[in-house]
Engineer: 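The structure follows.
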There are 2 protein chains.
Amino acid sequence: MLVLLKNRTLYMKKADINFSEPLNCPVRNILDRIGDKWSLLILLVLEQEDVLRFNEIHQSIGDISQKMLSVSLKNLEADGLVNRKVYPQIPPKVEYKLTDLGKSLIPFVNALSDWSKQHMDTILRNRTAYKKKL
Amino acid sequence: MLVLLKNRTLYMKKADINFSEPLNCPVRNILDRIGDKWSLLILLVLEQEDVLRFNEIHQSIGDISQKMLSVSLKNLEADGLVNRKVYPQIPPKVEYKLTDLGKSLIPFVNALSDWSKQHMDTILRNRTAYKKKL
DNA sequence: ACTTTGACTTACCAAAAGTAAGTAAATATA
DNA sequence: TATATTTACTTACTTTTGGTAAGTCAAAGT
């Protein structure tokens, strides 16, 4: 049986896993970084506009709080997906743009977007039918 | 400027959006469904094993709580990504498997997994370097 | 002297997720 | 006869995460 423990992807029983050996589960690894509510959305708007300031991202996404934008950008920057450039001015000016690594994730977002365009009708119909059954 | 409001993807300023017209933002639409902590992981283990019972999924993932597994499966079922088959026995037996719609999402997960295998070293190095700078 | 500007941070509150215990009904065991 | 076991959950409670609103900093404009 496939076992997807926190940092492992192994075809073995839980009992047989050597916990001291630090293998990694690749799916977990990305999901830990971009599998949240805002990261992919931020990458997407940055890709569209090339360079954006904090408030511009904030307005583009519309319903992200400043706090979460700040936290999310910091994580994306720490992972090297987004570049942060500060201009020493007052009032401050900070520009964000994708790194090459960040850009390399965009095709996935677009592919997911296409999938969504194709299948969202079906999903919404499924969900309506499901609710009726309850 | 690209605006990614809750249910919209529009190249226009926020002020110019007609809020009464119900357009949809495809990226938001999928993220609302699979952009959480567990959904993709559940789809992945189901794909590997074809059919699994509740406790088998639970053990495969390892650190999901029963509560969240229950909630997540219900959502995946409602959206038509997972099929749920109940055998009227005691003790109960319930089998889960992917629908065709659910299966069609697997290539994205695998692609992300490949990306992760390729780039996770870089990301971890980036993060280490970032921490040092602080 | 007071307001505005931009990129945040902080304190406080609400929502989501984790933990542990409980439920149901039949069969197996003591 | 009483108790334990089995499976797929649910419920009550706690912790963590996320959202809201207000505050900060320093200079330039009114």
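Atoms considered below: every heavy atom in the structure, side chains included; atoms not considered: hydrogens, waters and symmetry mates. Everything numeric here is computed off the predicted structure, so don't read it as measured data. In what follows, chains are A, B, ... by sequence order, proteins preceding strands, each numbered from 1.
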Engineer: Roughly how many Å is it from CG in B/D63 to C1' in C/dT19, rounded to a whole number?
Structural biologist: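 Computing the B/D63:CG to C/dT19:C1' distance gives 14 Å.
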Engineer: Phosphate oxygens OP1/OP2 of C/dC8: is one of them under 4.0 Å from a side-chain N or O of A/R53?
Structural biologist: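 False: A/R53 side-chain N/O out of range (4.0 Å or more) of C/dC8 OP1/OP2.
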Engineer: Looking at the base of C/dG6, is there any donor atom on it, or on the side chain of A/K93, that sits under 3.5 Å from an acceptor on the other one?
Structural biologist: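 No pair found.
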Engineer: Between A/I57 (CD1) and C/dC8 (C1'), how many Å, whole number?
Structural biologist: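 Rounded to the whole Å, the gap is 13 Å.
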Engineer: Whole Å only: how far is the CD1 atom of B/I90 from the P atom of D/dC9?
Structural biologist: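 So the two atoms are 14 Å apart, to the nearest Å.
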Engineer: Quickly work out the A/K37 NZ to D/dG18 C1' distance and round it to whole Å.
Structural biologist: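 These atoms are roughly 8 Å apart.
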Engineer: Is any side-chain heavy atom of B/L41 closer than 4.5 Å to one of B/I64?
Structural biologist: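 No - every pair of side-chain heavy atoms lies 4.5 Å or more apart.
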Engineer: Counting only side-chain heavy atoms from C-beta out, which of D/dG19, C/dA7, D/dC9 sits nearest to B/S70?
Structural biologist: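 Between D/dG19, C/dA7, D/dC9, the one nearest the side chain of B/S70 would be D/dC9.
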Engineer: Take the protein atom CG of A/L69 and the nucleotide atom C1' of C/dT10, then report the distance between them rounded to whole Å.
Structural biologist: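 Going from CG in A/L69 over to C1' in C/dT10 covers 17 Å.
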Engineer: Quick one: does A/N75's side chain get under 4.5 Å of A/R33's, heavy atoms only?
Structural biologist: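 A/N75 vs A/R33: side chains apart.
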Engineer: Answer yes or no: is there a side-chain heavy-atom contact under 4.5 Å between B/I106 and B/L98?
Structural biologist: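 They are in side-chain contact.
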Engineer: Counting only side-chain N and O atoms of B/W38, is one of them less than 4.0 Å from OP1 or OP2 of C/dG18?
Structural biologist: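 Affirmative; the distance criterion is met.
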Engineer: Measure NZ/B/K67 against P/C/dG22 and give the value in whole Å, please.
Structural biologist: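 About 17 Å, once rounded to whole Å.
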Engineer: Take atom CD1 of A/I42 and atom P of C/dA7, then tell me their distance rounded to the nearest Å.
Structural biologist: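 That distance rounds to 14 Å.
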Engineer: Please determine, by modelled atom types, if A/D36 and A/S39 share a side-chain donor-acceptor pair under 3.5 angstrom.
Structural biologist: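 On atom types as modelled, these side chains qualify, holding a pair under 3.5 Å.
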Engineer: Would you please confirm or rule out a distance under 4.0 Å between OP1 or OP2 of D/dA8 and any side-chain N or O of B/N55?
Structural biologist: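 True: B/N55 side-chain N/O within range (under 4.0 Å) of D/dA8 OP1/OP2.
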Engineer: On DNA chain D, nearest-nucleotide positions of B/Q66 versus A/S65: which is more 5'?
Structural biologist: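 Its nucleotide being nearer the 5' end, the pick is B/Q66.
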Engineer: Start at the 5' end of DNA chain D and walk down; is the nucleotide closest to A/V71 or to A/P91 reached first?
Structural biologist: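 The residue closer to the strand's 5' end, by nearest nucleotide, is A/V71.
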Engineer: In whole angstroms, how far is the P atom of C/dC8 from the CG atom of A/L52?
Structural biologist: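 Roughly 13 Å, once rounded to whole Å.
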Engineer: Does a nitrogen or oxygen in the side chain of A/Y96 sit under 4.0 Å from OP1 or OP2 of C/dG6?
Structural biologist: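 It does not, given that no N or O in the side chain of A/Y96 lies less than 4.0 Å from OP1 or OP2 of C/dG6.
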Engineer: Just call it for B/Y87: base, sugar-phosphate, or nothing, with non-hydrogen atoms closer than 4.0 Å on any strand.
Structural biologist: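 Contact class for B/Y87: none.
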Engineer: Quick check: do B/V71 and B/K74 have side-chain heavy atoms less than 4.5 Å from each other?
Structural biologist: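 No, too far: nothing below the 4.5 Å cut-off.
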